[in-house]
Amino acid sequence: MSEKSLVELRVGLSGRIVRLETHDETLLRKLTALGLAPGEELTLLQKIPSYIIKVGYTEVALDRETAVSIILSCD
Amino acid sequence: MGCKCPHCVASREARMTVDYGPTVEEALREIAGKLEGQYGMSGKAVGLLLLQRDPEIMEELARRESAETVREIHLVIDRVENALDSPVPYYVALRRREAAAELAKRVASADAGGRSPAAWLGRILVHPILGLPALFAVIYFGLYQFVGVFGAGTLVDYLESNIFETIINPWVNQVVDALFPWYWVRELLAHEYGIITLGVRYAVAIIFPIVGTFFLVFSVIEDSGYLPRLALMVDRLFRAVGLNGRAVIPMTLGFGCDTMATMVTRTLETRRERILATLLLALAVPCSAQLGVIMGILSGTPGGLMVWAGTVTLVFLLVGYLTARLLPGRGPSFYMEVPPLRMPSLLNVWRKTYTRMQWYFREVLPLFILGSVFIWVGRITGIFTLLLTGLGQVVSALGLPEETAIAFLFGFFRRDYGAAGLFDLYQNGTLNPLQLVVSSVTLTLFIPCVAQFTMMAKERGWRTTLLITGFIFPFAFAVGWVLFKILGALGFGTT
């Protein structure tokens with residue numbers, strides 16, 4: 001088990017969200033509302049042209065800057 | 001006790017309560033006990049909003065409770081904030097998610113999913129390479145063919161020449177002439193620049209079909225789930241100019257009508273983004289009325305359209321890039337839910353288009369009427385004559401004949417009129433290919449129309465609007481001058 005940010009994850013792999021590393025409260029709230037909360041498992045679908053991840057039944061597009069702040073634990 | 005299946009259990013437990021943990025729960029009880037005023041919801045609900053420092057409920061609190069109570073409640077909020085290791089709104093959202101997940105586990109079952117044709121197509125549309133043909137197809141067929149050629153061409157021509165010019169305008173002119181003996185009153189209401197014959201005609205015969213077809217395409221793009229995919233495809237491109245994928249909405253709208261697009265910049269998150277988008281729309285996004293005529297003029301000049309498009313794109317990127325560096329603050333974060341693709345429902349598409357048209361007419365029609373009034377004032381006071389003399393000297397410096405000054409000045413009041421004025425000059429051979437390219441570029445950059453100018457003032461305030469306009473006017477002519485020098489040195493149009 002190691003921690004890494006979403007940008008370090010390979011496309012097609014999954015990880016469990018450990019925390020969101022940002023001080024931007026609005027961003028925190030919006031990401032949580034989209035289902036990106038600690039404990040959730042996500043799968044990275046693609047990185048280019050934007051990051052797309054799948055959490056539960058939801059697909060979310062993110063830019064790289066936001067992806068950096070998502071910290072995962074991976075097997 | 002009735003049925004024990006998860007569905008029935010869940011509906012009996014419909015009043016779901018979330019456990020927010022001891023710290024918050026205790027604080028909520030404490031706050032609820034202190035509240036005296038009526039808020040139309042439970043004390044716990046009010047307390048939760050207060051703990052998250054919701055600005056509206058904070059105001060209500062100050063209005064309905066004694067200063068002493070407000071002070072005590074603030075102490076409770078401070079205590080909770082110190083006790084939790086994450087911001088309260090985030091903490092609350094997490095607890096709710098946990099409760100929701102717990103509930104979902106009891107009542108919902110999952111299928112694998114993700115193998116349907118729609119899911120497959122959804123993947124293709126956001127592929128970095130395979131997604132591009134779809135992107136171009138949407139822009140080419142949806143925007144260029146349907147809005148540009150059909151809406152701005154066929155429909156506008158029909159409404160303009162068959163309805164307004166042959167039926168409505170002659171009739172209005174006659175009635176106004178019969179009713180009013182005074183020249184200036186007749187000019188205000190009818191004839192070439194009148195409120196009815198110019199303002200209303202412009203809104204109904206030119207803008208209505210363009211904006212209507214645009215809204216139709218837009219609603220389909222929106223309802224099918226393609227819009228977020230479009231936004232994520234262009235996010236990186238927009239990032240270069242300090243915006244993000246979300247800005248694709250006002251920017252594409254700009255190719256329909258910049259006035260409407262300026263209004264839609266409201267949907268952008270930060271003031272910084274809104275200013276950037278407003279500037280770029282005013283400077284380097286030609287509206288459909290302009291696009292049509294400029295394409296007509298330049299189609300006869302080999303390479304002209306390329307030089308025009310290249311210059312305008314370059315200006316868009318360069319000014320966007322530099323302004324984004326100049327303005328304080330940083331670029332916005334981009335995050336968007338990507339919904340599954342769906343077949344758009346006709347009823348929805350119709351409803352959205354209809355509501356938007358209604359809203360458009362309410363907001364924009366008055367501005368076109370105001371435009372007619374401005375022209376009227378400009379002519380009656382002689383300000384136009386004065387401006388034309390000054391502008392004549394400027395255009396001479398760009399190697400253009402003085403007649404183009406009229407096209408530029410009136411272009412401000414009717415964005416397409418400027419281009420149409422150039423078209424006349426082109427047809428009677430006054431302008432050579434070099435002059436056509438230089439004046440098309442200058443006109444595109446130079447002027448938001450008067451409706452857009454008024455909308456900018458309404459949305460961004462006068463100070464920002466005057467700053468933007470003060471930059472655009474000299475800048476547009478400067479670009480025209482540089483282009484004139486460069487193309488002249490390269491011998492453009494002489495072969």
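Every chain is numbered from 1 and lettered A, B, ... according to where its sequence line falls, protein lines coming before strand lines.
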message: Before you tell me yes or no, could you show the steps for A:Val60 and B:Val338 under side chain to side chain contact (heavy atoms under 4.5 Å, CB included), namely the whole-Å CA-CA distance, both residues' side-chain angles and the distance that decides it to 0.1 Å?
response: CA-CA 5 Å; A:Val60 179; B:Val338 186; 5.9 Å; no
- line: Honestly, the part of B:Arg96 sitting under 4.5 Å from a heavy atom of chain A is neither
- prompt: When rounded to the nearest 0.5 angstrom, what is the spacing between OH in B:Tyr90 and CG in A:Leu27?
  reply: 10.5 Å
message: With a sphere of 6.0 Å drawn around CZ of A:Arg10, does it hold more than 12 non-hydrogen atoms of other residues, nucleotides or ligands?
response: no
Residue part contacting chain A, namely of B:Glu269, when any heavy atom lies under 4.5 Å: side chain
field: Exercise: identify the closest heavy-atom pair between B:Arg97 and A:Gly35
entry: NH1-CA, 3.3 Å
A:Asp63 (side chain) donor-acceptor with B:Phe334 (main chain) under 3.5 angstrom: yes
query: Can you check whether A:Pro49's main-chain N or O pairs, donor with acceptor, with B:Arg236's side chain at less than 3.5 Å?
result: yes
task: Pick whichever of B:Leu94, B:Leu237, B:Asn244 has the most heavy-atom pairs under 4.5 Å with chain A.
output: B:Leu94
Pair A:Glu59-B:Arg123, side chain to side chain contact (heavy atoms under 4.5 Å, CB included): steps then yes or no: CA-CA 11 Å; A:Glu59 283 185 22; B:Arg123 291 260 68 79; 3.4 Å; yes
field: Main-chain N/O of B:Ser333 paired to A:Glu65 side chain as donor or acceptor, under 3.5 Å
entry: no
field: Residue among A:Leu34, A:Leu28, A:Leu36, A:Leu31 with most heavy-atom pairs under 4.5 Å to chain B
entry: A:Leu28
- prompt: Given that the side chain runs from C-beta out, which part of B:Val234 has a heavy atom under 4.5 Å from chain A: side chain, backbone, both or neither?
  reply: neither
- request: Begin with the C-alpha distance, continue with both residues' side-chain angles, and end with the deciding distance and a verdict on side chain to side chain contact (heavy atoms under 4.5 Å, CB included) for A:Tyr51 and B:Leu232.
  value: CA-CA 9 Å; A:Tyr51 281 71; B:Leu232 75 90; over 6 Å; no
message: What part of A:Thr66 gets within 4.5 angstrom of chain B, counting heavy atoms only: side chain, backbone, both, or neither?
response: side chain
- request: Sort A:Leu45 into side chain, backbone, both or neither according to what part of it lies under 4.5 angstrom from a heavy atom of chain B.
  value: side chain
- prompt: What do you reckon, is CZ of B:Arg271 surrounded by more than 12 foreign heavy atoms closer than 6.0 Å?
  reply: no
query: For A:Lys30 and B:Met336, what are the C-alpha separation, side-chain angles and deciding distance, and is it a side chain to side chain contact (heavy atoms under 4.5 Å, CB included)?
result: CA-CA 10 Å; A:Lys30 298 243 162 107; B:Met336 227 175 189; over 6 Å; no
message: What I'd like to find out is whether the side chain of A:Ile52 reaches to under 4.5 Å of the side chain of B:Arg229, using heavy atoms alone.
response: no
statement: When every non-hydrogen atom of B:Pro128 is compared with those of A:Ile48, the smallest separation belongs to CD-O, 3.3 Å
